[in-house]
Amino acid sequence: MNGNFTKLRGMKDILPDEIELWQRVEKAFIEVCEIFGFKEIRTPILENKYLFVRGIGATSDIVMKEMYEFKDKKGREIALRPEGTASVVRAYIENKVYITKKIARFYYYGPMFRYDRPQKGRYRQFYQFGVETFGGKHPFFDGEIVQILDISLKKIGIENFVFIVNSLGCRICKNKYVEQIKKNLQEKIDKFCEDCKIRIEKNPLRVFDCKNTFCKENLKEVPSILNYLCDDCKNHFDTFVNFLLKFNINFSINSNLVRGLDYYTRTVFEVSTEKDDIAIAGGGRYDNLVEEMGGPDIPAVGFAAGIDRIVQFIKKEDKEEKKPVYFILLGNNAKLKGLEILKECIKEKIMVEVDYEERSLSDNLRIANKIGVKWCLILGDNEIEKGIMILKNMKDGYQIEVNEKEIIKKLKEITKC
RNA sequence: GUGAGUGUAGCUCAGCGGUAGAGCACUGGACUGUGGCUCCAGGAGUCGGGGGUUCGAAUCCCCUCACUCACCCCA
């Protein structure tokens, strides 16, 4: 409320109260990925601007109007990464990973930057967790990453979500289809909204994304891309779908799903939650990108999950947070004695919180109550004389006297449950 | 980039031309080694910022910044 510094537009601070949720989400993804043999990769946040121009597409909105870009002191054109795939592909090619690894599985996590106007679930700095598998053509590689997403989200505690899946076909059938619907749509171009008129010329597939009801109505007569797939693409999609069925993954096919990034081929998918129409994760196959970016002809598939959106989604559940044992040390002798116990606790990984200020027992209990701890350890001159310590349960007020020799054992016991 | 709405105490908000308010939170006390309940008292704000109209602006007008939501686009 003072006139000092405030955070930049579209950015946010994540305070300790919330960080626990973030860590839970991050941990779940990492654990699942590691089980599936994915290895972490960390790439720089700053890259040559043209990496993204080439990777994402010069005409995409991300590149045209949403990139944070600047010139460095030597006049080089730099951009803050707006997504993760381009950087990982760059690193994969630059380090020639394909020579030693037939199949390379990566996961990454970190901030991405897009200069667009903030709104619900959308920030200028946001966090993505993503995976990329290079070198695998088989549809089960697509299935595998869907499964990773599925398991991770369930582990986090999200249940009500569904995978929307589709196939865009390979370069050949995709292009054929685009030409076809471009013709179809042009015939009745007057019936579409202004935005769609531009889309029909520039990128006809995107018309399927329009939320306008009469545009949607007009699309009903347009043939589905699934009818235009070549035999190989069709087989690929069928096998992928069978994988999902086999593993009981909740999905629905929607031939209108096209995804915004131009590099996708064949499989594309999104995770949508029932409550919101906002997607919490999305991904797909990009069989041509590695080659287009100067590498060998290697197929790949990946996804990116919006961690901000996932955290937002699980926010309302109450969190069973681990609480420390609150040490109440009355007087100097108790403080010294308490510190010895504290040292043991650190060794035993028992979570502890101490306020070293000189306060009355009442004050201490009041503070402990406010923090919401389950247990207090009370130690004063009386206890020291008797060689005991008091453990007080803050829920029911019940307290027990514990011999100081037994205290660590007892602390371990009570913090377990 | 376009459109709409909101900025008043730490938080949620009332006031909408005439002395800056409430609830919750906070601090102290009743209660000096036993918290949660209750009661009493207290601290707190250039009313987002700048300019204008007016005897007088939190209130009306203009500009600006931020937030929220929608569009574009996307995670």
Side-chain angles (χ1 to χ4, degrees), chain A residues 1-12 15 17 25 56-57 59-67 81-85 109-130 149 193-196 198-199 202-203 206 209-212 258-262 269-273 276-283 302-313 326 328-331 334 358-376 378-385 390-399:
Chain A
M1 234 11 80
N2 48 30
N4 293 339
F5 296 112
T6 56
K7 59 189 169 305
L8 260 30
R9 176 152 218 211
M11 317 253 159
K12 64 173 172 189
L15 298 171
D17 273 351
V25 174
I56 304 168
T59 57
S60 66
D61 276 37
I62 291 180
V63 167
M64 285 206 300
K65 47 185 222 194
E66 292 175 8
M67 277 219 289
R81 61 179 184 196
E83 57 110 47
T85 301
Y109 173 64
M112 308 294 163
F113 301 83
R114 283 182 209 172
Y115 194 90
D116 51 5
R117 211 136 142 192
Q119 60 178 274
K120 188 185 183 70
R122 203 168 71 185
Y123 307 93
R124 288 184 171 181
Q125 174 172 341
F126 60 101
Y127 292 81
Q128 278 189 341
F129 186 98
L149 244 181
C193 70
E194 290 308 308
D195 287 328
C196 280
I198 299 166
R199 290 189 184 112
K202 216 178 79 182
N203 193 346
R206 298 226 56 83
D209 271 344
C210 190
K211 286 161 190 153
N212 211 313
V258 292
R259 310 275 309 143
L261 284 67
D262 292 341
F269 59 88
E270 253 175 31
V271 177
S272 101
T273 53
D276 258 321
D277 54 349
I278 202 167
I280 57 176
F303 73 72
I307 304 304
D308 309 71
R309 291 180 179 182
I310 291 172
V311 168
Q312 188 65 36
F313 190 77
Y326 197 82
I328 299 173
L329 308 172
L330 306 164
E358 202 53 57
R359 297 183 201 282
S360 71
L361 180 56
S362 298
D363 282 347
N364 272 303
L365 286 168
R366 238 189 296 272
I367 291 166
N369 189 56
K370 210 153 284 166
I371 298 170
V373 299
K374 273 200 192 111
W375 291 90
C376 283
I378 303 171
L379 181 60
D381 291 338
N382 298 348
E383 287 74 30
I384 290 178
E385 237 170 76
I390 293 173
L391 287 177
K392 184 182 176 79
N393 184 314
M394 296 302 281
K395 274 229 174 88
D396 51 20
Y398 180 75
Q399 58 185 50

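Every chain is numbered from 1, with letters handed out A, B, ... down the list of sequences.
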Heavy atoms under 4.0 Å is the rule here; annotate nucleotides 67-74 of chain B 5' to 3' with B where the base is hit, S where only the sugar-phosphate is, and - elsewhere.
S-SBBBBB

Measure from the side-chain N and O atoms of A:R309 to the backbone N and O of A:A279, and report whether any donor-acceptor pair falls under 3.5 Å.
yes

If the C1' atom of B:rU8 is compared with that of B:rA44, how far apart are they to the nearest Å?
14 Å

Where A:S360 and A:L330 come nearest, the two heavy atoms and their spacing
C-CD2, 4.3 Å

Can you check the distance between B:rG5 and B:rG23, where both ends of the measurement are the P atom (answer in whole Å)?
32 Å

Taking only the C1' atom of each, what is the distance from B:rG10 to B:rG1 in whole angstrom?
36 Å

Is there a donor-acceptor contact under 3.5 Å from the side chain of A:E385 to the main chain of A:N382?
no

Using only side-chain N and O atoms of A:K370, determine if any of them is under 4.0 Å from OP1 or OP2 of B:rC26.
yes

Salt bridge between A:R122 and A:D116, side-chain N to carboxylate O under 4.0 Å?
yes

Please name the pair of heavy atoms, one in A:L329 and one in A:A334, separated by the smallest distance, quoted to 0.1 Å.
CD2-O, 3.8 Å

Quick one: what's the B/S/- string for nucleotides 34-44 of chain B, heavy-atom cutoff under 4.0 Å, read 5' to 3'?
BBB--------

Taking atom C1' of B:rG33 as reference, at what distance in whole Å does atom CD of A:E358 sit?
12 Å

Please measure how far the P atom in B:rU6 lies from the corresponding atom in B:rC13, and state the result in whole Å.
13 Å

For the P atoms, the ones on B:rG3 and on B:rC47, what distance do you get once it is rounded to whole angstrom?
30 Å

Which value, in whole Å, describes the distance between the P atoms of nucleotides B:rA57 and B:rC69?
35 Å

Mind checking the C1' distance from B:rU12 to B:rG7? Whole angstroms is fine.
14 Å

Taking atom C1' in both B:rU59 and B:rG18, what distance in whole Å separates the two?
11 Å

In terms of heavy-atom contacts, A:R81 and A:P111 come closest through NE-O, 2.8 Å

Counting the atoms with a prime plus P, OP1 and OP2 as sugar-phosphate, which does A:G282 contact under 4.0 Å by heavy atoms, base, sugar-phosphate, or nothing?
sugar-phosphate

Smallest heavy-atom separation, A:Y326 atom then A:A368 atom, equals CD2-CB, 3.7 Å

Select base, sugar-phosphate, or nothing to describe what A:D381 touches, counting heavy atoms under 4.0 Å on all strands.
base

A:K12/A:D308 salt bridge by N-O under 4.0 Å criterion
yes

Could you give the CE-to-P distance, from A:M67 to B:rA75, as a whole number of Å?
15 Å

Which part of the nucleic acid does A:N382 contact within heavy-atom distance under 4.0 Å: base, sugar-phosphate only, or nothing?
base

Pairs counted only when both distances fall under 3.5 Å, Watson-Crick or G-U: show me the 5' to 3' dot-bracket for RNA chain B, [ ] for pseudoknotted crossings and | for other-strand partners.
((((((((.[[[[.)..(..]]]].(((((.......))))).....[[[[[..)....]]]]])))))))....

With side-chain contact (heavy atoms from CB on, under 4.5 Å) as the test, would you mind laying out the steps for A:F113 and A:M67 before giving the verdict?
CA-CA 7 Å; A:F113 301 83; A:M67 277 219 289; over 6 Å; no

Select base, sugar-phosphate, or nothing to describe what A:A305 touches, counting heavy atoms under 4.0 Å on all strands.
nothing

Of all heavy-atom pairs between A:R124 and A:P118, which one has the smallest distance, and what is that distance?
NE-CD, 4.2 Å

Approximate separation, where rounding is to 0.5 Å, of A:I390 CD1 and A:E383 CD
4.0 Å

If I compare all heavy atoms of A:F269 with all of A:F303, which pair ends up nearest, and what's the gap?
CZ-CB, 3.7 Å

